[in-house]
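Only heavy atoms go into these numbers, but all of them, side chains included; no hydrogens, no water, no symmetry mates. The structure presented is a predicted model; accordingly, all values stated were derived computationally and were not measured. Positions are given from 1 along the sequence.
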Amino acid sequence: MSSRSRVSLLFSVLMAVMSACLTLWQRGQAVISVRRAAAKAGRPGNVRKGQLHMSASTSQNQRIAVIGLGSMGFGMATSLKRAGHAVTGCDVSADAVARFVKDGGAGAKTPAEAAKEADIVVSVVVNAAQTETILFGKDGAAETMPAGGVFISSATMDPDVARRLAKQLEATGRHYLDAPISGGAQRAAQGELTILASGSPAAFAKARPALDAMAAKLYELGDAAGQGAAFKMINQLLAGVHIAAASEAMAFAAKQGLDIRKVYEVITASAGNSWMFENRMPHVLDGDYTPRSAVEIFVKDLGIIQDMARSARFPVPVSAAALQMFLMTAAAGMGRDDDASVARMYAQVTGVKLPGDK
């Protein structure tokens, strides 16, 4: 082969390689563009392989009922309204409903009235018993929900109960999405909750306009109710243990005569820090136990964990000890106070002075 032929062949190979590289680069840019578009739209950052949720329903305004207008539910209803949906609020407190109506929403006296003609019903109550009453009790939402509608359950509950409620509702031709929430009242009002959801593909598709408006992070954890509840219980196990440990550490530091504000500064910059220590201990430093999350919430949730563990024959001694701390705090009359009140309970039984003590 002549030198000219060799050069020509080499040039052809080089051009083929460059063409292949350009094709791969273009494909990569397309994937990046999809992920950037999803991020801008406020969707979770991870796009499933072969799936991009862009159903027509996500761009349509929906008729949504929010049942439970407490600190979390009110914020979620506000986020849904801000996204352009027609939102009806319902609560046992007439004042809460009146406040939502004053802010531009609609109001209803019963779950049945709120759910009538609603595409989506969002339940934001404390526990499984309240959820069941909202659905199947007198004037319950299941009486009036349109066929094909979806019920989004945000309560923390035993996964077995979530599965039972889902089966009961789905037998009537409606969908059930098991969707516990995390993030607090401020993030609820900003539409930036974390939602741990599981349910059928149809339930997710129907609920997606509401989920997009309420969540910064949506975890799709399975195709049947119960998985979302189970994930939330693991979160609550850790959260309860961390609050109890943080309270114990802060009260013990006070017993040692340490400047607890300096303790807070040091620990939040050290390996012993936790999200709960950093978030809850300022309440102790300020002597402010106005409930952001009440002691009774962890009495309930850690109690559910004990029931689940007993059924599974699985030992959970650390969370059992934490439960006793919350029970003692509730028994001392602080059940409706902020969950950082566990530190006050330690202080009371050990004679320690904390900020705000008389």
Side-chain angles (χ1 to χ4, degrees), residues 31 34-35 37-67 76-77 79-88 111 114-124 131 134-135 141-142 144-155 159 162-182 188 191-232:
V31 170
V34 165
R35 288 179 173 166
K40 285 185 177 180
R43 297 188 185 92
N46 294 326
V47 179
R48 292 181 177 183
K49 184 176 181 181
Q51 290 186 324
L52 178 62
H53 296 295
M54 296 181 67
S55 62
S57 64
T58 60
S59 63
Q60 297 174 354
N61 294 342
Q62 303 285 296
R63 294 165 299 183
I64 301 176
V66 177
I67 303 175
M76 292 161 71
S79 294
L80 290 163
K81 184 163 58 67
R82 187 172 57 245
H85 301 298
V87 184
T88 299
K116 188 176 181 180
E117 299 183 354
D119 303 295
I120 302 166
V121 177
V122 183
S123 170
V124 196
T131 304
I134 283 171
L135 264 176
T144 57
M145 279 181 67
V150 62
F151 183 86
I152 302 176
S153 173
S154 299
R163 284 186 277 268
R164 176 174 61 80
L165 293 176
K167 183 178 180 180
Q168 190 174 348
L169 184 65
E170 288 167 355
T172 70
R174 286 81 162 223
H175 304 292
Y176 184 104
L177 194 68
D178 175 23
I181 55 179
S182 182
E192 296 180 350
L193 289 171
T194 296
I195 299 182
L196 315 177
S198 66
S200 69
F204 272 110
K206 188 71 176 179
R208 197 161 301 280
L211 298 173
D212 286 347
M214 297 186 296
K217 291 184 179 179
L218 169 64
Y219 290 97
E220 300 185 22
L221 301 170
D223 59 5
Q227 287 296 100
F231 270 86
K232 181 63 186 292

Please enumerate all residues that pass side chain to side chain contact (heavy atoms under 4.5 Å, CB included) together with [X], with sequence neighbours excluded.
X: S79; answer: R82
X: A197; answer: L177, A179, I195, F204, L218
X: A118; answer: A65, V121
X: P111; answer: I67, C90, I134, A141

**Asked** How would you list all residue pairs meeting salt bridge (Lys or Arg N to Asp or Glu O under 4.0 Å) that involve residues 162-176, not counting sequence neighbours?
**Response**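 Found E132-R164, D160-R163.
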Quick one: closest heavy-atom pair of [X] and [Y], and the distance?
X: A225; Y: A162; answer: CB-O, 3.9 Å
X: H85; Y: P209; answer: NE2-O, 3.6 Å
X: P180; Y: A155; answer: CG-O, 4.2 Å
X: A142; Y: L169; answer: CB-CD1, 4.2 Å
X: I152; Y: A210; answer: CD1-CB, 4.1 Å
X: M76; Y: S154; answer: CE-OG, 3.9 Å

What distance separates [X] [atom1] from [Y] [atom2], expressed to the nearest 0.5 Å?
X: R208; Y: Q62; atom1: CZ; atom2: CD; value: 12.5 Å
X: K116; Y: T88; atom1: NZ; atom2: OG1; value: 12.0 Å
X: F231; Y: L221; atom1: CZ; atom2: CG; value: 4.5 Å

**Item:** Any donor-acceptor N/O pair, D178 side chain to G226 backbone, under 3.5 Å
**Value:**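 Yes, the answer is positive, given that a donor and an acceptor are paired below the 3.5 Å cut-off.
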**Request:** Please name all residues satisfying side chain to side chain donor-acceptor pair (under 3.5 Å) with S153, sequence neighbours left out, ordered by chain then number.
**Result:**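 In terms of side chain to side chain donor-acceptor pair (under 3.5 Å), with neighbours along the sequence ignored, S153 is linked to Y176.
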**Under the side chain to side chain donor-acceptor pair (under 3.5 Å) test, residues paired with S182 that sit two or more places apart** =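 Counting only residues at least two positions away or on another chain, S182 forms no side chain to side chain donor-acceptor pair (under 3.5 Å).
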**Asked** Listed by chain and number, what are the salt bridge (charged side-chain N to carboxylate O under 4.0 Å, His left out) partners of R63, not counting sequence neighbours?
**Response**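 Checked R63 against salt bridge (charged side-chain N to carboxylate O under 4.0 Å, His left out); matches are D119.
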**Request:** Report yes if some heavy atom in the side chain of M214 is under 4.5 Å from a heavy atom in the side chain of L80; otherwise report no.
**Result:**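 Yes, at least one pair of side-chain atoms sits under 4.5 Å.
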